[in-house]
Every structure is written in C-alpha cells, then in structure tokens.
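Structure first, then comments.
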Amino acid sequence: MVKITFPDNREKEYKKGSTGFDIAQSIHPRLAKEALSVTVNGELWDMRRPIDMDSSIRFHKWEDEEGKHAFWHSSAHLMAEAIESIYPGTKFGIGPAIEQGFYYDVDPGDDIVLTDADLPKIEQKMLELARTKETYTRREVSKKEALDYFKKKDDEYKLELINELEDGTISFYSQGVFTDLCRGPHLPNTESIKAIKLLSIAGAYWRGDETRKQMTRVYGITFPKKSMLDEYLLLLEEAKKRDHRKIGKELELFTFSQKVGQGLPLWLPKGAQLRERLENFLKKVQKDYGYLPVITPHIGNKDLYVTSGHYEKYGKDSFQPIKTPSENEEFLLKPMNCPHHCEIYKSKPRSYKDMPVRLAEFGTVYRYEQSGELHGLTRVRGFTQDDAHIFCRPDQLKEEFIKVIDIVFLIFKSLNFSDFITQISLRDPEDGEKYIGSNENWEKSESAIIEACNEKGLDTQIEYGEAAFYGPKLDFIVKDAIGRKWQLGTIQVDYNLPERFELEYIGSDNKRHRPVMIHRAPFGSMERFVAVLIEHTAGKFPLWLTPDQVVLLPVSEKYVDYAKKVFSFLNNSDIRTLIDDRNEKVGKKIRDNELKKIPYLLIVGEKEVADNSVSVRRQGVGDKGNMSLEEFKTLIEKEIKSETQI
RNA sequence: GCCGAUGUAGCUCAGUUGGUCAGAGCAGCUGAUUUGUAAUCAGCAGGCCGUGGGUUCGAAUCCCUCCAUCGGCUCCA
C-alpha cells in the first residue's frame, strides 16, 4: 500500500501502483473524468501513471494552468501525428504548450513548404485522429534505445535533444502510430480534444539560434468543447479591434509614410496633442521629484559613442555615421541620450552636496531596428524616450532607485495600468563576452536593484541574460490587446558609463569620487506607451488626456449660432470642444461622433436655446439629460479632477 | 535580417480558369431637405490595381526583382 496525501492534508491508503485516475475515481467519478493531469510530489504526472510510493498529490482540471498545459501539450503531439501522416518523413523539433495553445516546430523536408492553406487539412486530420480515442502511453527508455529510434527515423533534431539528456531520465510518449521524446504529462487519450483551430504558421530558428536551420512553426489551440473555441475566436476578433495601428488610423493619431521611411512615425495633430499632454503630466511629476530639464542635440560626434562603448557594440547595425565636409569627422544620429547627459554632468565640477543630479529630457533617438522587427508604434526606428539620468553617490543609490519606482507606479496608477509584470534583468552567467565593465561593478548594480525591489515589496521575476550590455535593469512589462508583451518603464543601474566618461564629484573628504548613474524612463518611449495606452483603452482615453473632449451637435442649422455661443463658453473654460455643424440629422452626427470616441456629445436645439442649457450624451453610455452650461462645466471639471488625483 | 502571407480609390473591401473587370459602401464635393439621441435623398468626382521588368495578340489576374505591410523567429543600447 502507499499513503496518498491530498491538498487538504487528508491521507488515505491506496494499493501500490494505483494511478492518479484510480485515486480520482475513488473520490468521485466526475473528478476522474475531468482531471487532466496530477502533481505527484511536486512533479507533473499523467493520470494513468502508476504511483509506487507514498506521495502527496493534487489533481488538475481544465480550469488550472497545469490542466490546460497537459491538454495543449497532448494536442501538440496530436498535431505532430497528423502532420506526419500527411507529410511522411517530417522531422520534429520541439512542441510545447504555451500560454494560449501550443506549437510544434517541424521540418517537412526541403521540397515541402507549409502555408496557411495547409492548416485546415491538418486540422481535419487531427479531428479524425482525436475521434479514434488514441491513448497516450508513457514508456521509459534508455538513452541508447532513444537514440536508436530517432536514428532510424533520421530525425537529427530529436537526436540532438536526446544527446543532451542523462540516461535514465528519458521517456517516450506514443499515441496511435506516433512516438515522441517527451517528459509529459499527457492526457489519458485524445478523446477529450473536441475543438481544434490551427492559428498560424511561421518560421522559427532551431533552438532559437539564427545561425541554425529555420523550421516551420505551426501554432494552434484546442478545447474540450466546441463552444469554448468559438468563444476564444470571438475574443480574439474583439481584441484585434483594439489594435493600436487600426485605432491610430481611425482616430487620426499617427501615420507612416513609405517616402519618409519605415519605422518612422508621423504624429498627426490629435496624436501630437495626446502625447504632449502625457509629456506635460510627467514633466510636472518630475519637477516635484527634483529633476532638471536639459536639451541635447539629435546627433553626436562618433567619439562620444566610442567612449560610451555603444559604437563598438552597435555601430555596425546602426544608422551609419554622417560625414561632414571636413575629413575624419563623423557624427551619429543619437541612439540614446546617456552620453550627452554624461557630458552635461561633466560641464562643471560637482560636489557631494550637489548630489544627486537628475537630468531629464524627452530625447528623440534613432535606432536601425531590423526591418522584420518593426511593429506599429511599439517598435520603431525613431522614437522619443522620456529619459532621465540620475547621478548620485553610492550611498544614495538605493533611495534614488526607490524614488524612481515610485514615479513609475504613480504614472501607471494614474493611467490605470494595473496589469503589469516587474522583471529584473541580470547578466547571463554563461556569457561574459556580452557585457562591459568589471565583475565587481556588476555585482554592486545587481544587488542594488534586487535590494530596492525587496524593500518596495515588489513581486518581481528574475531573467538572466536580459540585462543591457552595460548594466542590469528593472523593467515594467505590459501586454497588448492580443497578449504580446512589451517593455514600458525601465530603470537601470550603471557603474560603467561614469567610469568611461570619468565622471567625478568631490566628497566631504575633499577627494575625487565616482558617482553611480541611474538610467530611467517611466513610459519607456512615448511611441510605445501611447500604443499600449490605445490598446488598453480601445481609444477611449481618459477625459483629461483625450484630444477632443466635447462635441456640440446643433439639431439644425438654426441652432448653430447658439452652439457657437456654447462653444466659446466651453473654450474659455479650457474644455476642448468641437462643433459638428454639418447639414446632417442628429442621429447621424451622434453616430459619427460616437465612433470618433469623443467623450461628451452635447445636443443643442430649440429647448436648449430657450433655457440656455445643453443636452448631454456620454460616449458609450447614452443620454444623461439636460443641464445648464455651468452644471456641465462642473461635471467635466469633477471628472478630470478624479482622473488626475493620485 | 530569416520563414510564410498580403498589397485594387482617403478608408473597408469585391473582382471566377488572363479577354467591356477597373467596381461597391463609407468618407469628400454639389444640390435638395432643416432635421431631437447610432446612418435623409439624389448627383458628381476619386485608382498607372505597391514598384520595375518579363510571358502573351491581350495582364489587376501568370512569372521574376525590389519596396512596404501582416503573423512569427532572431534582435531590442
């Protein structure tokens, strides 16, 4: 017998070799039916794997991450089986479950190209196979057996994976005629996979290495019920409507021109106003926090970047140097503001009493991003960072770092960004080549960030190898409408640039000391922040931020004069107002302005002229009734106040 | 940069196997209408069918180059 401990600490004896399924069955047949995988002593197992020792277990249903994971991972195997049956000889890379669904990297051979058009065919085959209720069976194999199997299949990808595994830890999973190297766990059988949608096809380098072969990645998602798939697809459709590229065009916020160049956004008047308001908001916060504004040029002498180390690191992949009539003189479009700010710091002697020095600039920078990387406003070649560099004494580092975290939180909170991840990005311990600066400085920087985050009680995740080449950082990451992650705010500790630029201050001991530098950008860049803001609000910006707050809709031409009167009243009250004096019916004007997402629509006609009032309609809500001009003004002011009070 | 897909009026799209296929709706302009909470009617104007080449008697349609966009990969100072 084995002793099984349940999550509520109840214990029960079972026959040795009982499976998760048997145990679930003994609790309730429904649980046995719904459980997709089981955690046994902290390890994820199949429901059908025999348990031979005393164990604590926890079942996972569809509702749990672990349950979905098993479901989608099994679906990936099912897809592989379908692909192999349609394209015999296909070689397989890896096929994991992901946040939403799964993918499999496949290599169908050099003469076969999979395209979107092939997906329905594979889907059909998967459904066909699923209906045969194939069981997923686990088998532990020796390394030799594993190698032999895939040698026979001539699958160099699997062979490479197996070669990196320890003998004795290797397992195979089979369903139908398909066998895969896999740790599991999997579903008992394919029966529960009822709804299948293959979503897209893409190239993906083997093992994420661009020097290696590019495989074909097939993305898909499956569900235990058809209705769940329909719901998911509907949700996806809805999410795509929030795409900032689409809304940006509709609301005339920004555009691109092939003539100007790819990745170089053109801010339209409404977008420029929105952005300016965001900038002013942050400027005010920064003023309160003791930042000093600076302005630096868009280019800098190449030597500046040789000194900073950026030229060596990125010179080849950047916009190339600008020549001048004078020989041996070269300038770079500035790809970052830090070196300029270092020179400002150096422009006069600094005392320990002056520290910290916080220099802030909305600095426009240019980076030659790879063409395939460009993406709307979130990844561009010319963008404006809400940049600042804090030069401080080592003893001030933690306090300053924490103050920056406060600013980021303030900004995020005031714009209702509640759903974000904080990530600490450290060095890749395996790859020293990638980084500049001494070990000692790196250790100091890394521990400073970790300490500051602990002190603020941040729930951070640590990523190794994600640091900038000159220092570690704390990033604030949010998701866009369809779940892609984007880094917004960033805070970086840097001991390297102060050294390279030989920055100094005179200490209380009358000796020269080296300051520490913090790079920080709460928005990250204005472009990316506005993009994410659009997707989060679907273009319905908070009242204080939105380009046009109010539109006046005269019922007919007869009331345009009154509308103008109201317009000047609102305008004088700093309420951003438009008049829609087109010769159209009210219904039409309401429809058009609702679609433009203008927060307040004011209908004025005979009634309103008579009692000097407006009829208020809130965008997306409807008729709010009649009120006097003063009342309306107060309504607006109150709403703005509640939005900007933090 | 790589893999795959796409590119037709300002916008959203239709154009069967190459032969009245250069179209529609919205937006715009003109006129009528003077309108009360999500689309009034009529008329007009709009395009070298992304670019450059090729195949053909004939190309938006087939082939190639390049450019741009989209989905991923890689990258992201």
Side-chain angles (χ1 to χ4, degrees), chain A residues 103 105 113-118 199-219 240 243 245-246 249-250 252 255-259 261-263 305 308-315 317-318 334-339 365 367-376 378-381 385 436 466-471 473 475 482 484 486-487 490 492 494 497 519 524-525 528 553-560 582-595 601-608 615-626:
Chain A
Y103 67 77
D105 285 347
V113 177
L114 292 183
T115 71
D116 300 336
D118 300 313
L199 296 161
S200 67
I201 217 152
Y205 299 108
W206 170 233
R207 314 215 81 178
D209 182 343
E210 71 176 315
T211 63
R212 304 197 65 180
K213 171 137 182 151
Q214 192 156 43
M215 305 185 72
T216 304
R217 179 167 295 179
V218 186
Y219 285 91
K240 281 182 184 158
D243 190 315
R245 292 165 296 193
K246 184 175 148 63
K249 193 182 270 177
E250 286 166 359
E252 298 183 7
T255 189
F256 289 90
S257 146
Q258 254 190 70
K259 267 214 175 88
Q262 63 175 160
Y305 303 100
S308 71
H310 288 102
Y311 185 77
E312 194 196 337
K313 183 84 182 168
Y314 294 104
D317 306 319
S318 296
K334 83 172 162 188
M336 78 287 306
N337 305 296
C338 356
V365 297
R367 297 178 183 177
Y368 191 78
E369 306 289 5
Q370 297 186 84
S371 59
E373 259 312 319
L374 300 172
H375 183 100
T378 49
R379 195 78 187 274
V380 288
R381 285 180 171 168
Q385 295 178 310
I436 61 167
E466 294 292 311
F469 76 97
Y470 53 76
K473 52 185 184 158
D475 290 329
I482 64 167
R484 285 178 292 221
W486 297 97
Q487 177 212 306
T490 181
Q492 313 177 2
D494 186 356
L497 281 187
H519 309 244
S525 80
R528 186 176 285 180
L553 311 181
V555 170
S556 84
E557 273 171 14
K558 284 186 267 181
Y559 312 110
V560 170
R582 290 176 304 164
N583 183 1
E584 296 286 354
K585 292 188 166 184
V586 189
K588 167 82 161 171
K589 294 189 188 183
I590 287 174
R591 178 182 158 78
D592 289 350
N593 287 291
E594 283 272 344
L595 291 174
L601 285 62
L602 301 185
I603 292 105
V604 292
E606 195 178 350
K607 262 194 325 232
E608 290 74 18
S615 280
V616 179
R617 185 190 163 99
R618 173 81 215 201
Q619 199 272 347
V621 178
D623 198 347
K624 305 278 276 184
N626 191 273

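For the numbers below, each heavy atom of this structure counts, side chains included, while hydrogens, waters and symmetry mates do not. All values reported here derive from a predicted model rather than from experimental measurement. Quick note on labels: first sequence line is chain A, next is B, and so on, each numbered from 1.
Rounding to whole angstrom units, OH of residue A:Y559 and P of B:U37 are separated by 14 Å. Straight-line distance from the OH atom of A:Y219 to the C1' atom of B:G72: 5 Å, rounded to whole Å. Here B:G1 presents its C1' atom at 14 Å from CG of A:D209, a figure rounded to the nearest Å. Look at CD on A:Q370: it is 13 Å from C1' on B:G72, rounded to the nearest Å. For the pair A:R217 CZ and B:C73 P, the interatomic distance rounds to 6 Å; values are reported in whole Å. Taking atom CZ on A:F469 and atom C1' on B:A77, their separation rounds to 6 Å, with Å as the unit. Rounded to whole angstrom, the span from the CG atom of A:D475 across to the C1' atom of B:C76 amounts to 11 Å. Taking atom CZ of A:R591 as the reference point, atom P of B:U37 lies 16 Å away to the nearest angstrom.
For B:C75, the OP1/OP2 oxygens have no side-chain nitrogen or oxygen of A:R381 closer than 4.0 Å. Taking only side-chain nitrogens and oxygens, A:R207 never comes nearer than 4.0 Å to OP1 or OP2 of B:C73. For the pair A:R379 and B:C75, the criterion of a side-chain N or O lying under 4.0 Å from OP1 or OP2 is not met. The phosphate of B:C76 (OP1 or OP2) has no side-chain N or O of A:H375 nearer than 4.0 angstrom. Regarding contacts with the backbone of B:A77, a side-chain N or O of A:K473 is found under 4.0 angstrom from either OP1 or OP2. Between A:K588 and B:A27 there is a side-chain N or O to OP1 or OP2 distance below 4.0 Å.
Under the stacking definition used here (centres under 5.5 Å, planes under 30°), the residue A:Y470 fails to qualify as stacked on the base of B:A77.
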Short N/O separations, protein against nucleotides 11-14 of chain B, under 3.5 angstrom:
none

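Glycosidic conformation of B:G46 is syn; the angle stays within 90° of 0.
Among B:A77, B:A38, B:G71, the nucleotide with an atom closest to any side-chain atom of A:R245 is B:G71. Closest contact between the side chain of A:A468 and the listed nucleotides B:U37, B:A77, B:G71 involves B:A77. Out of B:C73, B:A5, B:U37, the shortest distance to the side chain of A:A204 is found at B:C73. In the set B:G36, B:C2, B:G71, the nucleotide with an atom closest to the side chain of A:V555 is B:G36. Residue A:Y314 places its side chain closer to B:C76 than to any other of B:U37, B:G72, B:C76. Of the candidate nucleotides B:A77, B:G71, B:U37, B:G71 has the atom nearest to the side chain of A:R484. Looking at the side chain of A:H310, the nearest of the listed nucleotides B:A77, B:G72, B:U40 is B:A77. Nearest to the side-chain atoms of A:E594 among the listed nucleotides B:A38, B:G36, B:A77 stands B:A38. Candidate nucleotides B:A77, B:G36, B:U40 were compared by shortest atom distance to the side chain of A:K607, and B:G36 ranks first.
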Going 5' to 3' through nucleotides 48-53 of chain B, assign each nucleotide B (protein heavy atom under 4.0 Å from a base atom), S (under 4.0 Å only from sugar-phosphate atoms) or - (no protein heavy atom that close). ------
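Side-chain N/O atoms of A:Y305 and A:E312 include no donor and acceptor closer than 3.5 Å. There is no side-chain donor-acceptor pair under 3.5 Å between A:Q262 and A:S371.
Taking the six-membered ring where tryptophan is involved, the planes of A:H375 and A:W486 are tilted, since the angle between them lies from 30° to 60°.
One N or O donor and one acceptor, one from the side chain of A:S615 and one from the base of B:G36, sit under 3.5 Å apart. Not a single donor-acceptor pair, N or O on each side, falls under 3.5 Å between the base of B:A68 and the side chain of A:Q262. At a cut-off of 3.5 angstrom, the base of B:G1 holds at least one donor-acceptor pair with the side chain of A:Y205. Side-chain atoms of A:Q214 and base atoms of B:G4 include no donor and acceptor less than 3.5 Å apart.
Each of A:K240, A:K246, A:R245 was evaluated against A:D243; a single residue qualifies, A:R245, per the side chain to side chain donor-acceptor pair (under 3.5 Å) test.
Heavy-atom distances to RNA chain B give each of A:Q492 and A:S556 a nearest nucleotide, and the one nearer the 5′ end belongs to A:S556.
Looking at heavy-atom distances under 4.0 Å, A:G587 makes contact with sugar-phosphate atoms alone, never a base.
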Any chance you could encode RNA chain B as dot-bracket? Rule is Watson-Crick or G-U wobble with both distances under 3.5 Å; [ ] for pairs crossing earlier ones, | for another strand. (((((((..((((.....[...)))).(((((.......))))).....(.(((..]....))).))))))))....
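The C1' atoms of B:C62 and B:C11 are separated by 30 Å, rounded to the nearest whole Å.
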